[in-house]
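Remember, it's a predicted structure, so these values are computed and weren't measured experimentally. In the text below, chain A, chain B and the rest are named by the order of the sequence lines, each starting its count at 1. For the numbers below, each heavy atom of this structure counts, side chains included, while hydrogens, waters and symmetry mates do not.
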Protein chains: 2
Amino acid sequence: MPRAGLDPAAVTLAAAGLADEVGLANVTMGALAERLGVRAPSLYKHIDSQADLNRRIALLVAEELGDQLRSALQGRSGRDALAAAAHTMRNYIIEHPGRYAATVRLAVTGPDDPLAIAGGRVLESLAAVLIGYDIDPADTVHALRLLRSLFHGFATIQAAGGFEMDTDVDESFNWIVDFIDRGLTTKPTYGRLT
Amino acid sequence: MPRAGLDPAAVTLAAAGLADEVGLANVTMGALAERLGVRAPSLYKHIDSQADLNRRIALLVAEELGDQLRSALQGRSGRDALAAAAHTMRNYIIEHPGRYAATVRLAVTGPDDPLAIAGGRVLESLAAVLIGYDIDPADTVHALRLLRSLFHGFATIQAAGGFEMDTDVDESFNWIVDFIDRGLTTKPTYGRLT
DNA sequence: AGCTAAAAGCTAATGGCGTTAGCCAAGCCT
DNA sequence: AGGCTTGGCTAACGCCATTAGCTTTTAGCT
């Protein structure tokens, strides 16, 4: 029995890949072990539990998404940056639906949780998009939540096949990006109406 | 052994309630059976499988949400209708996070699938909101997808505790509703840019 | 009212999965 | 070389979904 040279990162990466292929729910310890040329119990030498594995996948996603967003936003601002961020997030989720699913329903344990930190970096990138649209600082949080909710919702619905196919989803996505851009641009003309 | 007087609807309702309390993932056949005063295998006299149960819960959600939306939208239009729809969906998801989770990752089998029909009625209600904002019919699908993605994304993130608590979530939600209302109102001034 | 047959419950059993315990080999550190 | 840590293995347990096959209730028919 030669050694397989595994470590937590390798196991996490393999699990993420498997999740993208067969869906997160089908990432069983047995299937993952088989893919790594190992028996299931051996995995516990590298991860604590399946919940721990999910957590690590989510962390991986936050890091990957954060990196891609930072790259895509280099030198862009305003509408350009918005479109780049939107497409980056959407492409990532479409290419990696399985691992992305690991980020849903996940509670951070505390402020020094690596997951909270990596997640914060993703949010920073989205916040950078907003800098290009001069927005009242008091409203930045709201706009950020708008972007996050919208991207997350759109991508998860599409990943689940929730849109009817009659009308092109890409077209809708571009329309939505336009819509948001227009709203953020013409925004300053208001003041707490509710 | 007296009979428990169960039927598929009662089982589905109990499962939905249990899901809201302990999370959909913890709705085990054993736990559900116990709540109904019955042994686990007896449930199979009413439902085909756990997948079938999930499907039935999702159908229940579509019906409940559809009903609530139709009620809330009675006699409202424009911004009023938008706000009513938004709050109705959000309140429902926050009150029933467990059963709502059953609607995610779910493929409809065909156009006569009851789930497709009930889901269609929910979308009709959202479409009714848009009537108040005269929108180019060609853009209705896009606006519909915007609303759906946004509400779904916001509610699921909040249900998962994904927002930091520093700033009030209700305030953000109202800000977002305002934002969308403004965008839909001032919309007609454009023409296919992408 | 009595009979029958479907429906609804039960126990027992199977197979899969996550996880733990305990054992053995591999390979680094001196 | 020799020992200790590390990473692998097998065996075993418990939980869960599901199936098989039995028994009892109950509704419907005559």
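- Remark: A:Arg56 engages A:Asp52 in a salt bridge, criterion side-chain N to carboxylate O under 4.0 Å.
- The interatomic distance linking A:Leu43 (CG) with D:dC9 (C1') rounds to 12 Å, in whole Å.
- Annotation: side-chain contact (heavy atoms from CB on, under 4.5 Å) contacts of A:Ile131 (sequence neighbours excluded): none.
- A close approach under 4.0 Å does not occur between any side-chain nitrogen or oxygen of B:Ser42 and OP1 or OP2 of C:dA8.
- Rounded to an integer number of Å, the gap from B:Gln50 CD to C:dC17 P is 15 Å.
- For the pair A:Arg55 and A:Asp113, the salt-bridge criterion is met [side-chain N within less than 4.0 Å of a carboxylate O].
- Salt bridge status for A:Asp67 with A:Arg121: absent, with no side-chain N to carboxylate O gap under 4.0 Å.
- Following rounding to the nearest Å, A:Asp48 (CG) and D:dG7 (C1') show an atom-to-atom distance of 15 Å.
- Closest approach to the A:Lys45 side chain among C:dG9, D:dT18, D:dG8 is made by D:dG8 (side chain taken as heavy atoms from C-beta onward).
- When the P atom of C:dC10 is taken as reference, atom CG of B:Leu6 falls 9 Å away, rounded to whole Å.
- For the segment residues 14-41 of chain A, residues with any heavy atom less than 4.0 angstrom from an atom of DNA chain D are, sorted by number, A:Val38, A:Arg39, A:Pro41.
- The CG atom of B:Asn54 sits 13 Å away from the C1' atom of D:dA17 (whole-angstrom rounding).
- Cation-pi contact between A:Arg145 and B:Phe163: present, with separation from the ring centre below 6.0 Å and deviation from the ring axis of at most 45°.
- Remark: A:His46 is not in phosphate contact with D:dT6, judged by side-chain N or O atoms under 4.0 Å from OP1 or OP2.
- Between B:Arg99 and B:Glu64 a salt bridge is recorded (basic side-chain N to carboxylate O distance below 4.0 Å).
- Rounding to whole angstrom units, OH of residue A:Tyr44 and P of D:dG7 are separated by 17 Å.
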